[in-house]
Amino acid sequence: MELSVNHLLGIKYITEADIQLIFETADHFKEVINRPIKKVPSLRDITIANLFFENSTRTKLSFELAEKRLSADVINFASSSSSVTKGETLIDTVNNILSMKVDMVVMRHPNPGAGVFLSKHVNASIINAGDGAHEHPTQALLDSYSIREKLGDVAGKKVVIVGDILHSRVALSNIFALQKLGATVKVCGPKTLIPKYMEKLDVGVETNLRNALEWCDVANMLRVQNERMDISYFPTTREYTQQFGLNKQLLDSLNKEIVVMHPGPINRGVEITSDVADSKQSIILEQVQNGVAIRMAVIYLLASKIKHHED
Amino acid sequence: MKILLKSATIVDASSKHHLKKRDVLIENSKISKIAATIPSSEKVKEISLKNLHISQGWFDSSVSFGEPGFEERETIENGLKTAAYSGFTSVAVNANSFPITDSKGHIKFLKSKAEGNAVSLYPIGALTVGSKGTDLAELYDMRNEGAVSFYDYKNPIANANLLKIALQYTQNFDGLVQSFPFEKSVARNGMVNEEVNSTRLGLKGIPALSEELQIIRDLYILEYTGGKLHIPTISTKKSVELIRDAKKKGLKATCSVAIFNLILTDDVLEEFDTNYKLLPPLRTKEDTKALLKGLKDGTIDGITSDHNPIDVEHKKTEFDHAHFGSIGLEGCFGALNMVLGIEQSVNALTSLKKTFKIPSEKIEEGNRAELTLFNPDETWKFAEKDILSTSKNAALLGSKLKGKPYGIVSNNQLVLNK
């Protein structure tokens, strides 16, 4: 079994079978990282460049750890300012790094489609670690994987994604992944932060958090991305929290026990209160752990395609 | 110069020879004879081309040639050559050069650059100084030097009072003001049409609302001021309806549509190809249908190629960083003919002459010979080798087209695309 693609640019571009293969591979790696010796020698001959053109802590750490646990050689490049403002084009930057014999690129970039663009112009396997408001495929994979782990399956589940959908690559990738796996998805948030044509993606739109929570099996609470907002989409954070913040009282008042997720980093007290984040219904830390296993699986499966190609 | 066009089908609804196959003799820029057969003589250059059709010369109301300032994108010389090979005998050149065409001297420069060329170049002057949208440029002075219209290329007139004043001021010399339909506070830093595709791709959307809002405002101002307003390159269904209603009311409003918005939809954006990054953005199937209908019923006055060469450095980049625009002269007729057919295509390519007061004469004996030569039936796929422009940013690349221009007879010259 191998992936149908040579890059992971988005969930949009992969099949359900690809996702299942990644999950099965991740099952194996999850077992590995819980062993006393957490490392496998699988990718000793592979060099991976982590190119982060936008700030990231957890995704970068998670990728780096996944790469190191697979015994790949790793180099890191971080630049918070876009390459364009410095005068060098993205293609040039990446080709410079590739000329040092790099096999795979993990890239985070502020512009949607940057990964797709790069994959057409450079000779390396690309993993999209977030491109603007487009996709963040490994996050969506680890989210679905965590749902599968907690509830046994993703198919047939009802998932609501709450918060800033407009600026969120996590929301979009999650929608594609959950739908491919047979779940039903709704989004919930202020109308100003939900794309006008969301429903055309077969995604329900709900503006009342209680209604959304009563409907769902899983609530994925997104962070309010103030840094992406160039204008004000709601008057104050306080007012946002009043309408879309998840607190213990609301959680306990529901007639069933839902699963609470958050892709991090959490703004405690804004989209989710501390007692909810730390409650037994929350699987936030499991998500983080699964992130490493999922990224190991993705890197491993894409690397094996490079090797195949060279044979 | 004496030219004899053999067995040419004349496409000119205003001529008594309309849709008839004729030999046409041209002597010293005049059509001297039209007859079923005209015998050739020694001093006559005989042109015999497969399935030759001729029409009045085509006019493009919005082309950009880079020069001065952006010669790496295109020069006036090569731009005019591209126009001639693409069947255009006259082009209105946008003010988006550097420096901006906002004074008599700049108009003079453009005119002098095109002197002696087969294609007639008609400069468009900027409406405001530096196209900054604050103070009116010397419109009357530019008009006297040959400016055919006033337009801050793709810069919307944000200040409503400025448009009011421009429409009032230009009336005593019958000037044509253009206002780009784009309400910036709504469009913001949008990249593509706001719809399901922008949602799927995470690209910032430009709502149809931003165009329609500006059109409503502009028409309202026009109703107050009188005068003539041209709304270049509309792209939405509702825009067509708004202009249809305005025309019914008797307002002197005209508009155009860019060839891309007639042919392509935002479905092509899937691969983030920056050649499809256009302003106005490519919209939906529903919009292209409405635009086509508007063109057929005369609501839309004509089409433009909205030819805008952009160098590779500003196109081969991340989608957000790429410039808006595509070259359009090449392939314009072939694309139009696919959806409109010969007669209506020719009409759409010549009708804006009236709006811009470009001289035109019907194809009859004694009249000036300004003709486009074409074969409406040749089917071809637009490939990179068909690009004549210096820049290669063509949204129509890869499109199947029907109909190819042979060239033009204009300004006492024959230019044929070999």
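Chain A is the first sequence line, chain B the second, and so forth, proteins listed ahead of strands; every chain is numbered from 1.
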Mind checking which of residues 264-273 of chain B sit less than 4.5 Å from chain A, heavy atom to heavy atom? Glu270(B), Glu271(B), Phe272(B)

Considering only heavy atoms, give the residues of residues 278-292 of chain B separated from chain A by less than 4.5 Å, sorted numerically, with 'none' for an empty result. none

Could you tell me whether the side chain of Leu201(B) reaches within less than 4.5 Å of the side chain of Pro112(A), counting heavy atoms only? no

Please lay out, stage by stage, how Arg200(B) and Lys200(A) fare under the test side-chain contact (heavy atoms from CB on, under 4.5 Å). CA-CA 10 Å; Arg200(B) 274 168 54 77; Lys200(A) 289 198 177 181; over 6 Å; no

Carefully, step by step, assess Thr199(B) and Leu201(A) under the rule side-chain contact (heavy atoms from CB on, under 4.5 Å). CA-CA 8 Å; Thr199(B) 310; Leu201(A) 294 179; 3.8 Å; yes

As an exercise, state the distance from [atom1] of [X] to [atom2] of [Y], rounded to the nearest 0.5 Å.
| X | Y | atom1 | atom2 | value |
| --- | --- | --- | --- | --- |
| Tyr197(A) | Glu195(B) | OH | CD | 4.5 Å |
| Lys316(B) | Lys120(A) | NZ | NZ | 12.5 Å |
| Ile91(A) | Thr317(B) | CD1 | OG1 | 7.5 Å |
| His109(A) | Glu318(B) | NE2 | CD | 4.0 Å |

Crowded around [X] [atom1]? As in, over 12 foreign heavy atoms under 6.0 Å?
| X | atom1 | value |
| --- | --- | --- |
| Lys196(A) | NZ | no |
| Lys238(B) | NZ | no |
| Asn123(A) | CG | no |
| Lys237(B) | NZ | no |
| Lys392(B) | NZ | yes |

